[in-house]
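Down below is the structure, laid out as structure tokens.
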Amino acid sequence: MKSRSLGRTGLRLTELGFGGGAIGNLHRPVDREAAMATMQAAWDAGLRYFDTAPFYGHGLSERRVGDFLRDLEGWTLSTKVGRVLRPVPRSEVPDHGFADPLPFAIDHDYSAEGIRTSVAHSHARLGLNRIDILWVHDLEPATHGPDYGRHLETFLESGLPELNRMKRDGQIAAFGLGVNQVQPCLDVLSRGDLDAILLAGRYTLLDRSAEPALLPLCRERGVALVIGGVFNSGILATGPVDGALYDYGPAPTDVVEKVRALEREVAPTPLATAALNFPLSNECVAAVLIGTSKPASIIRNIEAWRSVNQSSPSSDR
């Protein structure tokens, strides 16, 4: 599978990466065997970039990803900081959309101490001695509401210097934000530097809100992008069918009509194929994450990628 440089970090990512949210039991239980089979299908197809987070299944995704990668070589791994897990009785486990998560509550902490604690816990859950990329998870108004400003200041004053120290000391190779909104990226880049941004749902065939301000800034500053949520929660994969989902909820009528127009515009290319490949046309984009708990879905997405791309060992980006 082709690979691309992650900005100026020296890392290279396969153009498709594996997103570990679904194997953390997002919305439905996934047994260990299915999770491992899905990652094996991704590996066999050439994916070498794997992304996970403490949030996914309250540590379950990290455990599974670490178990899968432990005896393999040639992978690149990212996980996330900003949430610290705290053990609680089963009766007190909060509902964050994961089925049967591990018995932990979640505390937001973007400080240097919180980041150090989160990374130490992640190493233990993963059972790995290397994490290549740290994404600062969900530092955005959609997650924090009126507390966003307070968390942002904590990160800029305490967490960001800590990530720079960790990179300087060789503990990680790169860091950036992992968010669903454009404005937090602009907020942070106005006051500090990042290696890359994992941006979900905001640079897709349907939603191009990253184009006006963020993409030119990333190009100017040498900040790479990894794109998640490429199907906008489903509608770009299913098409404008009854019950189609957009951004984790029922698709509004105007969105359905826009997707119907997009479907006509990209024909005869299938809509899902066009959606998967769209972000990769931009020089700032290093990789697209595809997240699933089904081997068949991984294979289908990779075939869609290959229908547009000529497979080769590497690209010169």
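Counting from 1, the numbers follow the sequence of the chain as shown.
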If Ile, Leu, Val, Met, Phe, Trp and Tyr residues are connected whenever their side-chain heavy atoms lie under 4.5 Å apart, and connections chain through other members, are [X] and [Y] in the same group?
{"X": "L47", "Y": "L11", "answer": "no"}
{"X": "L72", "Y": "L126", "answer": "yes"}
{"X": "V266", "Y": "L280", "answer": "yes"}
{"X": "L262", "Y": "V288", "answer": "yes"}
{"X": "V136", "Y": "V84", "answer": "no"}

For [X] against [Y], the heavy-atom pair lying closest together:
{"X": "K294", "Y": "R28", "answer": "CE-NH2, 3.3 Å"}
{"X": "T38", "Y": "T292", "answer": "CG2-O, 3.6 Å"}
{"X": "L271", "Y": "G239", "answer": "CD2-CA, 3.8 Å"}
{"X": "S209", "Y": "V182", "answer": "O-CG2, 3.8 Å"}
{"X": "R90", "Y": "P101", "answer": "NH1-O, 2.6 Å"}
{"X": "E62", "Y": "S122", "answer": "OE2-OG, 2.8 Å"}

Practice problem: Using the side chain to side chain contact (heavy atoms under 4.5 Å, CB included) rule, take Y49 and V226 through it: C-alpha gap first, then chi angles, then the decisive distance, then the call. | Solution: CA-CA 11 Å; Y49 170 41; V226 173; 4.1 Å; yes
Got a donor-acceptor contact below 3.5 angstrom from the [X] side chain to the [Y] backbone?
{"X": "S281", "Y": "N277", "answer": "no"}
{"X": "D132", "Y": "S78", "answer": "no"}
{"X": "E140", "Y": "Q181", "answer": "yes"}
{"X": "H58", "Y": "H96", "answer": "no"}
{"X": "S233", "Y": "Y246", "answer": "no"}
{"X": "R202", "Y": "D207", "answer": "no"}
{"X": "S118", "Y": "G114", "answer": "no"}
{"X": "S61", "Y": "G20", "answer": "yes"}
{"X": "W75", "Y": "F50", "answer": "no"}
{"X": "R300", "Y": "P295", "answer": "no"}

More than 12 heavy atoms of other residues, nucleotides or ligands under 6.0 Å from [atom1] of [X]: is that the case?
{"X": "D242", "atom1": "CG", "answer": "no"}
{"X": "R83", "atom1": "CZ", "answer": "yes"}
{"X": "E113", "atom1": "CD", "answer": "no"}
{"X": "R260", "atom1": "CZ", "answer": "yes"}

Within a strict 4.5 Å, meaning less than it, do heavy atoms of the [X] and [Y] side chains meet?
{"X": "T143", "Y": "Y148", "answer": "no"}
{"X": "L198", "Y": "L177", "answer": "no"}
{"X": "K80", "Y": "P54", "answer": "yes"}
{"X": "I133", "Y": "I172", "answer": "no"}
{"X": "H144", "Y": "Y110", "answer": "yes"}
{"X": "L152", "Y": "D187", "answer": "yes"}
{"X": "R125", "Y": "H121", "answer": "yes"}
{"X": "R32", "Y": "R64", "answer": "yes"}

So how far is it from [X] [atom1] to [Y] [atom2], rounded to the nearest 0.5 Å?
{"X": "L214", "Y": "R208", "atom1": "CG", "atom2": "CZ", "answer": "15.5 Å"}
{"X": "L6", "Y": "T76", "atom1": "CG", "atom2": "OG1", "answer": "9.0 Å"}
{"X": "L128", "Y": "T79", "atom1": "CG", "atom2": "OG1", "answer": "10.5 Å"}
{"X": "N301", "Y": "I290", "atom1": "CG", "atom2": "CD1", "answer": "4.5 Å"}
{"X": "L215", "Y": "R219", "atom1": "CG", "atom2": "CZ", "answer": "6.0 Å"}
{"X": "K258", "Y": "T253", "atom1": "NZ", "atom2": "OG1", "answer": "14.5 Å"}

Quiz item: With respect to E15, which candidate in K2, R4, R48 satisfies the salt bridge (charged side-chain N to carboxylate O under 4.0 Å, His left out) definition?
Solution: R4
Any carboxylate oxygen within less than 4.0 angstrom of a Lys/Arg side-chain nitrogen, looking at [X] and [Y]?
{"X": "R150", "Y": "D147", "value": "yes"}
{"X": "R165", "Y": "D169", "value": "yes"}
{"X": "D193", "Y": "R221", "value": "yes"}

Quiz item: Picking from W305, Y203, F231, what satisfies ring pair (Phe, Tyr, Trp, His ring centres under 6.0 Å) with F278?
Solution: Y203
Quiz item: Judged by modelled atom types alone, do T204 and N232 share a side-chain donor-acceptor pair under 3.5 Å?
Solution: yes
Practice problem: Please test I197 against L189 for side chain to side chain contact (heavy atoms under 4.5 Å, CB included), starting from the C-alpha separation and ending with a verdict. | Solution: CA-CA 10 Å; I197 295 167; L189 287 172; 4.1 Å; yes
Self-check item: Full working for side chain to side chain contact (heavy atoms under 4.5 Å, CB included) between L289 and I227
Solution: CA-CA 6 Å; L289 288 176; I227 301 300; over 6 Å; no
Practice problem: For ring-ring contact (aromatic ring centres under 6.0 Å, His included), just list the numbers for H108 and F155, CA-CA rounded to whole Å, side-chain angles, deciding distance to a tenth of an Å, and then say yes or no. | Solution: CA-CA 11 Å; H108 289 102; F155 171 67; over 10 Å; no
Practice problem: May I have the step-by-step check of side chain to side chain contact (heavy atoms under 4.5 Å, CB included) for D195 and K167, ending in yes or no? | Solution: CA-CA 10 Å; D195 294 312; K167 182 182 175 184; 2.7 Å; yes
Exercise. Quick one: sort the Y56 and F98 rings into parallel, tilted or perpendicular, breaks at 30° and 60°.
Key: tilted
